[in-house]
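What follows is a short report on a single structure.
Computed from a prediction, not measured in an experiment: that's the story for all the values here.
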Amino acid sequence: MNLHRVIANAAVVGFAELRTMYRLRTWLFGWVLRLASQVVFFALIGELAGSRATTDYILLGNVVSVIALESTLVITSAALERYQGTYAMLIASPTGMGQVYLGRGLHWIVAGLGSSSVVLVLVGVIFRPDWAWPATLLVPFCLILVGISSYLYGTVLASGALRYFKYRWLFLNLGYLVLMTFGGVNVPVDFWPAPIEWAAQLLPLTHGLAAVRTLTGGGALATAGGQALLELLVAVVWGSLSMLSFERLASRGRRDGSLNYTS
């Protein structure tokens, strides 16, 4: 089976699972409301600081981080494979695990785009940030890039969660918190010491968020485009690491017999 059919079939399974998880009401008034509350909480911290610029900075950073958070939920999808006992079947199949997982959690990117877009509108109405128009209309394209790069980053962590199942929530929570802490969400990337600032350039979210800030701040489109291209490059790097990590995981599982349910 060729690559695009593998990814498409895996995506069909993922979207079917998503429909069993959410209905429109539970998605809007459960999950999206929770995300909006998180964004409002951090924005209010900016309000307490007494600076409109700080409020807008934190507000925008947390809105964009929503799609990064939801895209990394692919880690839970991967862990579920082991819990349900399908992990061993994936390894035994003639198709590489990395190819399957490229499509297995694509629904999280779509769901994250929907969540971040709704939250963007909600907090925009509440806080009325001073964003530049019509350049802000290009923000969804940057959100898609952030979602893709964060998703591929999440698949790398997912391979670790499959191997060390009991630490699956640690992989998810630490993976997302690293992005939120060092990716420029609440404080600028250059706030951190130089080694951390350099490492942050290799993380998803960092460049995509910078592109969004440029667009909403009325900066040059060329600058925003450059940041978007860097986000795409980061996605390629994490995607390559994902394929390698899953192949290594499968090879090790065959070698040491660690294909049971949850060990």
Walk me through it: do Val64 and Val185 pass the test side-chain contact (heavy atoms from CB on, under 4.5 Å)? CA-CA 8 Å; Val64 178; Val185 173; over 6 Å; no
[X] side chain near [Y] side chain, heavy-atom distance below 4.5 Å:
{"X": "Leu203", "Y": "Val234", "result": "no"}
{"X": "Phe182", "Y": "Ile196", "result": "yes"}
{"X": "Pro204", "Y": "Glu231", "result": "yes"}
{"X": "Val237", "Y": "Leu202", "result": "no"}
{"X": "Leu215", "Y": "Cys142", "result": "yes"}
{"X": "Phe127", "Y": "Leu44", "result": "yes"}
{"X": "Glu70", "Y": "Leu35", "result": "yes"}
{"X": "Tyr153", "Y": "Leu205", "result": "no"}

State, to 0.1 Å, how close [X] and [Y] come at their nearest heavy-atom pair, and which atoms those are.
{"X": "Ala200", "Y": "Thr206", "value": "O-OG1, 2.8 Å"}
{"X": "Leu179", "Y": "Ala68", "value": "CD1-CB, 4.3 Å"}
{"X": "Ser242", "Y": "Ser245", "value": "O-OG, 2.9 Å"}
{"X": "Ser116", "Y": "Ile67", "value": "OG-CB, 3.9 Å"}
{"X": "Ala36", "Y": "Leu122", "value": "CB-CD1, 4.3 Å"}

Measure from the side-chain N and O atoms of [X] to the backbone N and O of [Y], and report whether any donor-acceptor pair falls under 3.5 Å.
{"X": "Thr181", "Y": "Val178", "answer": "no"}
{"X": "His207", "Y": "Gln201", "answer": "yes"}
{"X": "Arg213", "Y": "Ala224", "answer": "no"}

Is it true that [X] and [Y] fall in one hydrophobic cluster, defined by side-chain heavy atoms closer than 4.5 Å?
{"X": "Leu172", "Y": "Val66", "value": "yes"}
{"X": "Ile144", "Y": "Leu232", "value": "no"}
{"X": "Val121", "Y": "Val39", "value": "no"}
{"X": "Ile126", "Y": "Leu60", "value": "yes"}
{"X": "Leu69", "Y": "Ile45", "value": "yes"}

Starting at [atom1] of [X], measure out to [atom2] of [Y] and round the result to the nearest 0.5 Å.
{"X": "Ile58", "Y": "Ser65", "atom1": "CD1", "atom2": "OG", "answer": "11.5 Å"}
{"X": "Phe141", "Y": "Leu113", "atom1": "CZ", "atom2": "CG", "answer": "10.5 Å"}
{"X": "Thr216", "Y": "Leu120", "atom1": "OG1", "atom2": "CG", "answer": "9.5 Å"}
{"X": "Trp108", "Y": "Thr155", "atom1": "CH2", "atom2": "OG1", "answer": "15.0 Å"}
{"X": "Asn62", "Y": "Leu209", "atom1": "CG", "atom2": "CG", "answer": "9.5 Å"}
{"X": "Leu33", "Y": "Gln38", "atom1": "CG", "atom2": "CD", "answer": "12.0 Å"}

Val187 vs Trp192, test: side-chain contact (heavy atoms from CB on, under 4.5 Å). Steps then yes/no. CA-CA 9 Å; Val187 295; Trp192 302 104; 3.8 Å; yes
Give the intermediate values and the outcome of side-chain contact (heavy atoms from CB on, under 4.5 Å) for residues Val156 and Leu244. CA-CA 9 Å; Val156 175; Leu244 290 173; over 6 Å; no
Stepwise side-chain contact (heavy atoms from CB on, under 4.5 Å) test for Val63 and Val123: CA-CA 8 Å; Val63 167; Val123 300; 3.6 Å; yes
